[in-house]
Undergrad: 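For reference, the structure I am asking about is given below.
The structure presented is a predicted model; accordingly, all values stated were derived computationally and were not measured. Values below: every heavy atom of this structure, side chains too, minus hydrogens, waters and symmetry copies.
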Amino acid sequence: MVCPSFRGGSSIQGVGLGGLCVLLFELKETGTDVEAEMSPALACLLLFLGGCLGCQHRACRCLGRVFICQESQVLQVPRDIPANTTELRFFLTKMRVIPKGAFAGLVDLEKMLISNTGLRFLPAVRKVHSFQKVLLDIQDNINIRTIERNSFMGLSSESVILWLNKNGIQDIENHAFNGTYLDELNLSDNHNLEKLPNEVFQGANGPAVLDISSTKISFLPSHGLELIKKLRARSTYNLKKLPDLSKFRSLIEANFTYPSHCCAFTNWKRQKTELHPICSISQVKQDFEEKSGKKLQRRSAVEDYISNYGARFDLAENEFDYGLCNEVINVACSPKPDAFNPCEDIMGYNILRVLIWFISILAITGNTVVLIILISSQSKLTVPRFLMCNLAFADLCIGIYLLFIASVDIQTKSQYYNYAIDWQTGAGCNAAGFFTVFASELSVYTLTVITLERWHTITYAMQLHRKVRLRHAVIIMIFGWVFAFTVALLPIFGVSSYMKVSICLPMDIETPFAQAYVIFLLVLNVVTFVIICVCYICIYFTVRNHSVVSSSSDANIAKRMAILIFTDFLCMAPISFFAISASLKVPLITVSNSKILLVLFYPINSCANPFLYAIFTKTFRRDFFILLSKFGCCEMQAQIYRTEISSSAHTFHTRNGHCPPASKNNDDAIYSSVPLNHLN
């Protein structure tokens, strides 16, 4: 049956069936002769019309005081919404615009649902003026792009909950929530929302709960965070930096995207400025006497809605009485940091922070000096000199890597949680990781080539046709450069990753390829160490022959070899042992402890090689003083070395009856046996 139209007086229109019954009862109580005023038939007609009143739109219906529009035929908001409506539902409609004043005077409104419509703008709610706590649920409206300023002013004189998730919101203006008591604001799944303006909450009281999950928001506003008790930012990958923690005066629970953000709250304890009045009976009594009844009885919209619509709210998700009587509050935060990213700075210990600067500067200085001397020397470029240049460059790169890590550590000290994501996922960490893997593999490769070249030169000293030429060394080193470059590039293209840890080493072994890659590098380093040891042992037994070296030199030769092998062992053994165990998913030390290996053992070769292979040799000292003499320094020492060169060349000429270029033979002989014969 279709309800007829009724446009009665304001005292009857919109009161509904129950309202008419009450009206008839009051007329009877006041002595009004109802039967005299209207016939029974007319009274029944009024009752019937009251039951249908306000539901005249063909696509909408009433269920009690709930007004529902659920058809695609609904193109606009009906004009006959009952004034006593407590809940409005508009979904699966084709409404594009809701005119101003459409919801005016709905003073009993408690909930408004607008979902899957063609709306382009948020509904105007200024004239609602509800006396109730209101839940405004507007979601899945992909054409809504903007939240304008003062959009919710006048919605309710009490607190409001705004669920604005899964829309097409891209922009929110300053003062958008002005004039509201904002219990909860849900902006999740607005995938194109990139910014919350600094004054977006200006003029609002709240929010107590803020959800920006699955948005592109990169920064939280600088104002309006003081009352937030629960912050959700899951899958918000652009939010990499948090504001000053002091702004979170009320925060109790936080859910972030990155574990590093929870490190901010690990050792941060918020001191309550004042305890809840319930913690003091005398305070409660005093407040009861001084405050108005309405102010005392005020409840949050969430608590009220739990009691009335428990199906949509879970008490555990909306409790705002966290630790009311605790003076110090710990923030419950998730996700928790994992073993690869503990809550600490890049250099977890202060002693490491100091040592890494000293070691990196030593490595950079030593290898830079060696490169300058070798390159600027007037002597002809020989195989040993060429190999030493490659080794010095590789070790210089390792020193630069350590200096880079030390610099970032200083910049992010005590606040690494705010920089962790940008650093580990950015170009800086990839560059540092590439640099150190390339340098370490090139250094190990060059050390092996130098050792093999020495073994070959000494073993086949009398067979000049088997001598290693410079062109041979160049080809060998080109292969080494290509190999080091390739293995350093693989983590950037997905085979393992430099982003796993703050020190940017390839520690990702989640996939079989990544695990195989890491194990391959570690085993290769062990194999090269074994080759170096075997070669030096062979060299020792070769030079021990009295026809080559006198027996009085055996102890010195053995000592120098032991130094070379020991430094290599000290550098490779601890790292290889713990790294191989970790790559087999049986870690024996934590990432924090692995940083000790990084600082104390990893750069040993980079610091020692310039001294053992160059600076401690007589040839290097000669080139060094000759270079300084060009600038007017150490001229006496340079002249002594020039005299020795001339004397050596003259002796060679006398013994052999001819005079080849002194620098060529002398340099080659000296560098090919460094540091065995010339560690003086």
Undergrad: Does the side chain of L524 come within less than 4.5 Å of F483's, by heavy atoms?
TA: yes
Undergrad: Do we see a donor-acceptor contact under 3.5 Å between the side chains of E344 and S592?
TA: yes
Undergrad: Please set out all donor-acceptor pairs under 3.5 angstrom arising from side-chain atoms of residues 426-441, sequence neighbours excluded.
TA:
from: T436; atom 1: OG1; to: Y602; atom 2: OH; distance (Å): 2.4
from: S440; atom 1: OG; to: T436; atom 2: O; distance (Å): 2.9
from: S440; atom 1: OG; to: V437; atom 2: O; distance (Å): 3.1

Undergrad: Quick check: do L220 and L231 have side-chain heavy atoms less than 4.5 Å from each other?
TA: yes
Undergrad: Measuring from K500:NZ to D508:CG, what's the distance to the nearest 0.5 Å?
TA: 5.0 Å
Undergrad: Give a yes or no on this: more than 12 heavy atoms of other residues, nucleotides or ligands lie within 6.0 Å of atom CZ of F219.
TA: no
Undergrad: Ignoring hydrogens, what is the shortest heavy-atom contact between M507 and S594? Give both atom names and the distance.
TA: CE-OG, 4.1 Å
Undergrad: How about C262 and C343 - are their SG atoms less than 2.5 Å from one another?
TA: no
Undergrad: Can you check whether I519 reaches I580 side chain to side chain, under 4.5 Å on heavy atoms?
TA: no
Undergrad: So among L402, I364, I604, L403, which one has a side chain to side chain contact (heavy atoms under 4.5 Å, CB included) with I359?
TA: L402
Undergrad: Report yes if some heavy atom in the side chain of K195 is under 4.5 Å from a heavy atom in the side chain of I217; otherwise report no.
TA: no
Undergrad: Hey, what do you get for CG (N390) to OG1 (T446), rounding to the nearest 0.5 Å?
TA: 5.5 Å
Undergrad: Do you see a donor-acceptor pair shorter than 3.5 Å between the side chains of N341 and Q424?
TA: yes
Undergrad: With a 3.5 Å distance limit and no angle check, can you tell me whether T236 reaches the backbone of I212 through a side-chain donor-acceptor pair?
TA: yes
Undergrad: Could you walk me through whether W423 and I346 pass the side chain to side chain contact (heavy atoms under 4.5 Å, CB included) check?
TA: CA-CA 11 Å; W423 165 244; I346 296 180; 4.0 Å; yes
Undergrad: What is the minimum heavy-atom distance between L371 and C389, and which atoms define it?
TA: CD2-O, 3.5 Å
Undergrad: Where do P603 and L598 come nearest, in terms of heavy atoms and distance?
TA: CD-O, 3.2 Å
Undergrad: One pair to check against side chain to side chain contact (heavy atoms under 4.5 Å, CB included): Y498 and L505. What are the steps and the verdict?
TA: CA-CA 5 Å; Y498 294 127; L505 295 178; 5.9 Å; no
Undergrad: If we count only N and O atoms by modelled type, under 3.5 Å, do the side chains of S407 and Q411 hold a donor and an acceptor together?
TA: no
Undergrad: Who passes side-chain hydrogen bond (donor to acceptor under 3.5 Å, both in side chains) against Y445, sequence neighbours left out?
TA: none
Undergrad: Which atoms form the tightest heavy-atom contact between A514 and E510, and what is the distance?
TA: CB-N, 4.5 Å
Undergrad: I need the minimum non-hydrogen distance between V518 and P506, along with the two atoms involved.
TA: CG2-O, 3.4 Å
Undergrad: Between atom SG of C263 and atom CG of N418, what is the distance when rounded to the nearest 0.5 Å?
TA: 11.0 Å
Undergrad: Hey, are the side chains of S214 and S235 touching, using non-hydrogen atoms and a 4.5 Å cut-off?
TA: yes
Undergrad: Taking C-beta and beyond as the side chain, do K413 and Q415 meet within less than 4.5 Å on heavy atoms?
TA: no
Undergrad: Strictly by modelled atom types, are N255 and S334 linked by a side-chain donor-acceptor pair under 3.5 Å?
TA: yes
Undergrad: Out of Y536, F601, F529, F577, which one pairs with F569 under the ring-ring contact (aromatic ring centres under 6.0 Å, His included) rule?
TA: F529
Undergrad: Could you tell me which non-hydrogen atom of A264 sits nearest to which non-hydrogen atom of L245, and how far apart they are?
TA: O-CD1, 3.2 Å
Undergrad: Under 6.0 Å between the ring centres of F393 and W481?
TA: yes
Undergrad: Just by modelled atom types, is the M499 backbone N or O under 3.5 Å from a matching donor or acceptor in the T425 side chain?
TA: no
Undergrad: Check the pair E194, N238 against side chain to side chain contact (heavy atoms under 4.5 Å, CB included), reporting the backbone distance first and the verdict last.
TA: CA-CA 9 Å; E194 298 181 355; N238 288 359; 5.9 Å; no
Undergrad: Do M347 and V354 have side chains that get closer than 4.5 Å, going by heavy atoms?
TA: no
Undergrad: I'd like to know if the side chain of N367 and the backbone of A363 have a donor-acceptor N/O pair within less than 3.5 Å.
TA: yes
Undergrad: Side chains of D395 and S443: donor-acceptor distance under 3.5 Å anywhere?
TA: yes
Undergrad: Before you tell me yes or no, could you show the steps for T457 and E453 under side chain to side chain donor-acceptor pair (under 3.5 Å), namely the whole-Å CA-CA distance, both residues' side-chain angles and the distance that decides it to 0.1 Å?
TA: CA-CA 6 Å; T457 299; E453 189 271 337; 3.0 Å; yes
Undergrad: Within this structure, what is the CH2-OG1 distance for the pair W455 and T451, rounded to the nearest 0.5 Å?
TA: 12.0 Å
Undergrad: Are there more than 12 heavy atoms of other residues, nucleotides or ligands under 6.0 Å from atom OH of Y237?
TA: no
Undergrad: Would you call R353-D345 a salt bridge at under 4.0 Å N-O?
TA: yes
Undergrad: So N593 and Y349, side chain to side chain contact (heavy atoms under 4.5 Å, CB included) or not? Walk me through it.
TA: CA-CA 10 Å; N593 292 333; Y349 306 98; 3.4 Å; yes
Undergrad: Using 0.5 Å steps for rounding, measure from the CG atom of L242 to the NE2 atom of H261.
TA: 4.5 Å
Undergrad: Would you say L490 and S496 make side-chain contact, with heavy atoms under 4.5 Å?
TA: no
Undergrad: Is there a ring pair (Phe, Tyr, Trp, His ring centres under 6.0 Å) between W357 and F404 once you walk through the steps?
TA: CA-CA 10 Å; W357 280 95; F404 191 18; over 10 Å; no
Undergrad: Which value, rounded to the nearest 0.5 Å, describes the distance between F386 atom CZ and I450 atom CD1?
TA: 10.5 Å
